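Step one of this worksheet: look at the structure below.
Keep in mind that this is a model prediction, so the values were computed, not measured. In what follows, every chain begins at residue 1, and chains take the letters A, B, ... in the order their sequences are listed.
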Amino acid sequence: MTRRFLITGALPYSNGRLHVGHIAGAYLPADIYVRYLRSRGDDVLFVCGSDDNGVAITLSAQKEGLTPPEIVAKYNASQQRAFEGLGIDFDVFGGTHTPDYVERHTELSQEFFKSIYDKGYFTKRTTSQLYDVQADRFLPDRYVTGTCYLCGAEGAYGDQCEACGHSMDPLKLKDPKSVFSGTTPEVRETTHWYLRLDEFQEPLAQWLEEREGWRPTVLNFAKGQIKLGLPERAMTRDLDWGIPVPLDDPDAAGKVLYVWFDAPIGYVSFSSTLLERQGGSPSDYEEWWKSPDCKIVHFIGEDNIVFHAIIWPAMLMAEGTYQLPHQVVANSFLNIKFPGKDEEKISKSRGTAVWIEDYLTEFDPDPLRYYLTAIAPENARTAYDPDEFLVRNDSELLATLGNFVNRNITFAHKYFDGKVPEVGARSEVDEKLLRLCGEQAEKVAEQLEGFHFKAGLTEVMALARAGNLYLDEKKPWSQRKEDLAACGTTINVCLQVVRALMVLMQPFLPFSARKCLEMLQLDESALQWDQATTELPAGTALADPTMLFKKLQEQEKK
RNA sequence: GCGCCCGUAGCUCAAUGGUUAGAGCAGGGGACUCAUAAUCCCUUGGUUGCAGGUUCGAGUCCUGCCGGGCGUACCA
């Protein structure tokens, strides 16, 4: 029976380019999973897009001398280039304030909000907040500085004093200044709508308790937050950039939805836009989002756990007609280790990032996909090391996998007229290796079904290693001189392994799998998972060998 | 300060409380030559951060300590 999956990648904020951390965290594992599912014949919708709303967009825009729509367009395009270059192949890459998507997004977000509103899960509340008269805007806590009223340190932020670590009430800060204009803000009253998360504390706790197969990091964090208690959270903001609050109430005038309220709805609205574009009805998204036979899997980074494992499910519970996520897969952050320096966090401002667009000017996508999967921060933080990237490309990816494919294709060309040689009587050694293809296919599948991408990749490499070992045992370069038929059998068996490897590597290394496909002169359907053990007939003509991977380290001559 | 997470070989990572803690890479030695000097075999390497405790049995559970990280801008 065909399974159905709706897979999402966390919406990247459209005020910056993508770096290796983004990819390792959410998008690469999501893409691997999707490619795997598709090769199994499952029905998959793979959805992503940029997160275009919120105060940070307006600030970034200001900083770059652009309008919000301009900065959104700029980075949405940049991100799409990066994804495309890496072969991260979404069915749709929308944007919550991007032309072609914003209309549907607005509509669905407002509907969603109103639905929760009608059910009484919002509290309308008026509070005092600091207001920057000159900049004509309310100040988020983080955008106020002043003197800490607890320790007296200067430069405390409205949400926290970095000197003593205490959280701050921005209204109590001494000598407050707006980060925007530097002027002294005044206190004004403002009204917002707060989501009553407390109403969902019990249902959420219960729901999380029943989750199976979730990573402990996700569950522990979410359960811990719930145990601390879920305060009401304002779901509206005083801002002129975003989705207007859809209420007739005069207090709602000029206000927008909190960016984290509308962002996850982007998954839904992009789905809707996509399905309509494919000739369906805009409401077709309900077959994915509201049908229990479809499994929804969110891939995110660790900073998103609170939203995807608590707030978004709470929103869904409040709205009432959607199903809850089947899985929330979160990776930890990826640190970076530059030569001669200590491991450190990826930081845009300190320039300690490896940008995807930069990477792609120099290297092919698959080596990065390989390396980022091999070091994926699935359980704990790991570090990206540019030198190690080169080493692992040369000594693992190229030497073990690429070389195995290459030596067999080349051998067939040299001694068997560029064709798959006839297979004679197979020995137990031959049979064992052929069996291993199926066994490894099962192991890889099992790991991927459980979201263990790193372990899955290890099993792919294990097959390549077994192939190399087999070659060394059979020594076809010697067999050739003594018994050409036996030699043919050996190469035939190896080419079966090449075919299996092609199928198994496809989710991880799609570009290289395609090269294999071309060398074996097979069509697309050969990449289906169950084709891993389909025998490549003797006599099949092979295309000229092409290198799957390039050597990247400087060769020290000698 | 408080809360949470983490600490396993030089590096990246594994080990439902159950034999002697395992792989890959890197290092050392050897074999081979089809292949991108790739491959294959052998090998070095660990007081599982430290100290206690529970248990027939602890890398795994508990307590304390040390170290790092997160909770806090840019950020997955």
Side-chain angles (χ1 to χ4, degrees), chain A residues 9-13 15-16 18-29 56 59-60 63 141-143 157 159-162 164-168 179 216-217 220-221 224-225 227-228 299-306 330-335 337 343 345-350 353 371 374-385 387-388 391-392 394-396 398-400 402-415 452 454-455 457-458 461-462 465 467-480 487 490-491 494 545 547-551 555 557-558:
Chain A
L11 303 190
Y13 212 54
N15 69 343
L18 294 170
H19 55 63
V20 288
H22 294 107
I23 302 303
Y27 308 107
L28 180 55
L59 296 174
S60 299
K63 204 181 288 175
D141 295 350
R142 191 70 200 183
Y143 296 99
Y157 291 99
D159 55 351
Q160 188 176 36
C161 171
E162 309 261 306
C164 66
H166 286 95
S167 57
M168 293 280 108
V179 169
T217 43
N220 288 345
F221 184 83
Q225 289 296 310
K227 215 190 291 178
L228 291 173
F299 285 85
I300 59 171
E302 69 175 24
D303 60 336
N304 260 333
I305 293 174
V306 68
N331 273 351
S332 292
F333 281 145
L334 188 70
N335 287 342
K337 167 79 182 69
E343 179 177 331
K345 285 167 70 172
I346 290 178
S347 162
K348 294 178 183 178
S349 54
R350 288 200 306 275
Y371 181 57
I375 65 162
E378 288 176 2
N379 301 315
R381 295 200 164 193
T382 57
Y384 181 98
D385 180 335
D387 286 342
E388 200 207 353
V391 170
R392 294 182 80 132
D394 291 359
S395 63
E396 292 179 26
L398 184 152
T400 303
N403 189 234
F404 177 74
V405 173
N406 185 245
R407 62 199 300 205
N408 286 300
I409 303 280
T410 305
F411 203 103
H413 272 281
K414 247 175 153 167
Y415 302 110
H452 306 299
K454 191 173 356 196
L457 182 58
T458 302
M461 296 304 284
R465 246 173 254 117
N468 280 318
L469 176 59
Y470 169 85
L471 269 180
D472 241 63
E473 279 177 28
K474 303 282 283 200
K475 303 195 196 321
W477 47 91
S478 303
Q479 285 181 309
R480 177 176 66 84
C487 175
T490 299
I491 298 303
C494 282
M547 303 295 191
L548 294 187
F549 311 106
K550 286 185 224 140
K551 183 149 288 189
Q555 286 307 299
K557 306 274 187 242
K558 108 180 185 169

Taking the side chain as every heavy atom from C-beta outward, state whether A/L548 and A/N406 have any pair of such atoms under 4.5 Å apart. no
B/rA14 versus B/rC2 - spacing of their P atoms, nearest Å: 31 Å
Whole angstroms only, please: what is the CG-P distance between A/N403 and B/rC32? 19 Å
Is A/S478 touching bases, backbone alone, or none of the nucleic acid, heavy atoms closer than 4.0 Å? nothing
Side chains of A/L334 and A/I375: does their closest heavy-atom pair fall under 4.5 Å? yes
Run the side-chain contact (heavy atoms from CB on, under 4.5 Å) check on A/F299 and A/L28 step by step: do they pass? CA-CA 9 Å; A/F299 285 85; A/L28 180 55; over 6 Å; no
Look at the side chain of A/L469 and decide which nucleotide, out of B/rU36, B/rC40, B/rU39, has an atom nearest to it. B/rC40
Give one of base, sugar-phosphate or nothing for A/N15, where a contact means two heavy atoms less than 4.0 Å apart. sugar-phosphate
Roughly how many Å is it from CG in A/D385 to P in B/rG10, rounded to a whole number? 16 Å
Ignoring backbone atoms, test whether A/K414 places a side-chain nitrogen or oxygen under 4.0 Å from the OP1 or OP2 oxygen of B/rA35. yes
Under 4.0 Å, counting only non-hydrogen atoms across every strand here, what does A/A10 touch: a base, just sugar-phosphate, or nothing? nothing
Separation of B/rA15 atom C1' from A/H452 atom NE2, nearest Å, is 13 Å
Would a distance-only check, ignoring hydrogens and angles, find a side-chain to backbone donor-acceptor pair under 3.5 Å from A/Y27 to A/A10? yes
If we take the C1' atom in both B/rA15 and B/rU8, what is their distance in whole Å? 10 Å
Write down the distance between CG (A/D394) and C1' (B/rA26), rounded to a whole number of angstrom. 13 Å
Nearest whole Å is fine: how far is B/rA35 C1' from A/L471 CG? 9 Å
Integer angstrom distance from the P of B/rG10 to that of B/rU44: 15 Å
Checking contacts here: which listed nucleotide (B/rC34, B/rA38, B/rC40) is nearest the side-chain heavy atoms of A/N468? B/rC40
Just to be sure I understand the rule, does A/F404 reach a base, reach only the sugar-phosphate, or reach nothing, if contact means heavy atoms closer than 4.0 Å? nothing
In terms of side-chain heavy atoms of A/W477, which of B/rU12, B/rU39, B/rU33 is nearest? B/rU33
Once you apply a heavy-atom cut-off of 4.0 Å, does A/A26 come out as touching a base, just sugar-phosphate, or nothing? nothing
Can you tell which of B/rC40, B/rC34, B/rU36 lies closest to the side chain of A/R465? B/rC40
For B/rU60 and B/rU55, measure between their C1' atoms and round to the nearest Å. 13 Å
Inter-nucleotide C1' distance (B/rU47, B/rU20), Å rounded: 16 Å
Interatomic distance where CZ belongs to A/F221 and P belongs to B/rG71 [whole Å]: 9 Å
Donor-acceptor contact present, side-chain A/K474 to main-chain A/L471, <3.5 Å: no
Please measure how far the P atom in B/rG24 lies from the corresponding atom in B/rC40, and state the result in whole Å. 10 Å
Base, sugar-phosphate, or nothing for A/L18, non-hydrogen atoms under 4.0 angstrom? nothing
With sugar-phosphate meaning primed atoms plus P, OP1 and OP2, does A/L398 contact a base, only sugar-phosphate, or nothing at under 4.0 Å between heavy atoms? base
Report the residue (A/I375 or A/N408) whose heavy-atom-nearest nucleotide on RNA chain B is the more 5′ of the two. A/I375
Flag the pair A/Y415 / A/C487 as yes when at least one side-chain heavy-atom distance between them is below 4.5 Å, and no otherwise. no
Is the aromatic ring of A/F411 within stacking range of B/rC34, meaning centres under 5.5 angstrom and planes under 30 degrees? no
side-chain N/O A/K454 vs B/rU12 OP1/OP2, d < 4.0 Å: no
Looking only at side-chain N and O atoms, does A/E302 offer a donor or acceptor that is under 3.5 Å from a partner on A/T217? no
P-based separation of B/rG27 from B/rC70 [nearest Å]: 33 Å
Among the candidates B/rC11, B/rC40, B/rC34, find the nucleotide nearest to the side-chain atoms of A/E388. B/rC11
Gap between atom CD1 of A/I491 and atom CZ of A/F411 - 0.5 Å precision: 4.5 Å
Pairing annotation in dot-bracket form, given for RNA chain B with Watson-Crick or G-U pairs under 3.5 Å and | for cross-strand partners: .((((((..((((....[...)))).(((((.......))))).....(((((..]....))))))))))).....
Check the distance between B/rA38's P and A/L548's CG and give it to me in whole angstrom. 16 Å
Here's a test of your reading of the structure: between A/Y13 and A/F549, which maps to the more 5' nucleotide of RNA chain B? A/F549
Spacing of OH belonging to A/Y13 relative to OG belonging to A/S60, to within rounding of 0.5 Å: 7.5 Å
Mind checking A/I409 for me? I need base, sugar-phosphate or nothing, with any heavy atom below 4.0 Å counting as a touch. nothing
Contact check, side chains of A/N468 and A/R407, non-hydrogen atoms, under 4.5 Å: yes
Taking atom C1' in both B/rC42 and B/rC66, compute the distance separating them and give it to the nearest angstrom. 40 Å
Against the side chain of A/K551, the closest entry in B/rU39, B/rA37, B/rU12 is B/rA37
Using atom CD of A/E396 as one end and atom C1' of B/rA38 as the other, report the distance to the nearest whole Å. 14 Å
